[in-house]
Amino acid sequence: MADDLFNSFMKGPDERGRFGKFGGRFVSETLMPLILELEKQFEHAKTDQSFWDEMNDLWTHYVGRPSPLYYADRLTQHLGGAKIYLKRDELNHTGAHKINNVLGQIILARRMGKTRIIAETGAGQHGVATATVCAKFGLKCVVYMGAHDVERQKPNVFRMRLLGAEVIPVTSGRGTLKDAMNDALRDWVTNVRDTFYCIGTVAGPHPYPEMVRDFQSIIGKEAKEQMMAAEGRLPDTLIAAIGGGSNAMGLFFPFLDDKDVEIIGVEAGGKGVNAKMEHCASLTGGRPGVLHGNRTYLLQDDDGQILEGYSISAGLDYPGIGPEHSWLHDTGRAQYVAITDTEALEAFQLSCAMEGIIPALEPCHALAHVMKIAPKLPRDHLIIMNMCGRGDKDIFTVAKHLGFGMAEAD
Ligand SMILES: *Cc1c(COP(=O)(O)O)cnc(C)c1O
């Protein structure tokens, strides 16, 4: 593999599911046959034209793809430097990029004859996307969600229930996303025959990180063609926010071998990347360990205990990051930076005021970094930022932080 690395960043993972020393398949023996069966089906689907025909048809008619690549002219003028394009994945059905991947996994599940879909969710966005596609295909859907998150994210819990999903509050551990993932894995082992585990980001044991990346890569493929059509050349810089890293991997992957394209992932810096760990910046402030079946950078204490992390944006507070990002970080192909809550809130308001787009708090982290670098770059420098979600879900959080009195409906 060493030789390949010099030629291409797009050949990973290797046959053991490793991206360099990251990734892999750290699972119990009972889970292994399931993972191998999934891998076999995914390998088959990759080159099966009928699979991709079905995906493309649903992406077009159900999700609303392609999403536009939009030149943000007022934002560009305001910042006074680089030319800023937004990849508008917030316009997808269900309001974010998550559905790109969910569709792929559920089509695969149906082909494998599975009738029951399980998923984990933190803020509820992946749960909503999964419940949506399950309703569309008449599949049973069970969503594991930390009890703490069930309380915090009532509107999404209600959405999932409206869509026919069963939401199971997880009280083990500290009742957060990490614990929900553990319970989902346990469910999978117990219900092998009819159940498919739909993971929401580029994490988990191989082949999930690769599979989710491939399904999300539609973002980068479209963006590349759209930029060629708009400017006749490739962009200079790509920027995306990172929770587990799926929207970022989706944008980045098709450009990994375009050596002149600079790639920047933006982690949630919370209240600052400090010793108290009031952030979710796994690469900037963590170190390698094993979680959810793969080796990657994690937030952990000196004894290797996984820490919860914190961010204003519920969708970014996963204590790990997809293993491919860890590898891109260590090889230097991509850079990773952190943005604080305060900076993200400023970006939120700028997007509303300059472009009439109310963004989710997750991509506001990417936008805040654009605000830092764009003014210093020349006017012919082309930036693509992934606007991966819309902000309807976040208006109460933002209102609270801006001191705008607005009681949350209950
Ligand atoms: C879930 C979510 C994220 C974080 O997940 P990634 O796998 O890092 O993309 C970011 N933005 C939005 C809008 C989300 O819903």
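Whatever order the structure lists them in is the order used to number ligands and atoms, beginning at 1.
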N/O contact list for ligand 1, threshold under 3.5 Å:
| from | atom 1 | to | atom 2 | distance (Å) |
| --- | --- | --- | --- | --- |
| ligand 1 | 7 (O) | Thr201 | OG1 | 2.5 |
| ligand 1 | 7 (O) | Gly245 | N | 3.3 |
| ligand 1 | 7 (O) | Ser246 | N | 2.7 |
| ligand 1 | 7 (O) | Ser246 | OG | 2.7 |
| ligand 1 | 8 (O) | Gly243 | N | 2.7 |
| ligand 1 | 8 (O) | Gly244 | N | 3.2 |
| ligand 1 | 8 (O) | Gly245 | N | 2.7 |
| ligand 1 | 8 (O) | Ser246 | N | 3.4 |
| ligand 1 | 9 (O) | His97 | NE2 | 2.9 |
| ligand 1 | 9 (O) | Ser246 | N | 3.4 |
| ligand 1 | 9 (O) | Ser246 | OG | 3.2 |
| ligand 1 | 9 (O) | Asn247 | N | 2.9 |
| ligand 1 | 9 (O) | Asn247 | ND2 | 2.9 |
| ligand 1 | 15 (O) | Lys98 | NZ | 2.7 |

For this session: Could you tell me which residues satisfy ring pair (Phe, Tyr, Trp, His ring centres under 6.0 Å) with Tyr71, sequence neighbours excluded, listed by chain and number?
Result: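 Ring pair (Phe, Tyr, Trp, His ring centres under 6.0 Å) check on Tyr71 returns Tyr85.
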For this session: Kindly indicate whether the side chain of Lys136, heavy atoms from C-beta on, has any atom under 4.5 Å from the side chain of Leu58.
Result: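 Sidechains of Leu58 and Lys136: in contact.
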For this session: With sequence neighbours excluded, give me every side chain to side chain donor-acceptor pair (under 3.5 Å) pair touching residues 345-356.
Result: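 Those involving residues 345-356 are Tyr70-Glu355.
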Problem set entry | Side-chain (Asp257) to main-chain (Phe9) donor-acceptor, under 3.5 angstrom |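 Side chain of Asp257 to backbone of Phe9: a pair is present.
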Exercise. Where do Arg116 and Glu166 land on the salt bridge (charged side-chain N to carboxylate O under 4.0 Å, His left out) test, with the steps shown first?
Worked result: CA-CA 11 Å; Arg116 179 175 176 269; Glu166 180 188 353; over 6 Å; no
For this session: Could you tell me which residues satisfy side chain to side chain contact (heavy atoms under 4.5 Å, CB included) with Val337, sequence neighbours excluded, listed by chain and number?
Result: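 With sequence neighbours excluded, Val337 shows a side chain to side chain contact (heavy atoms under 4.5 Å, CB included) to Ile264, Val266, His369, given in chain and number order.
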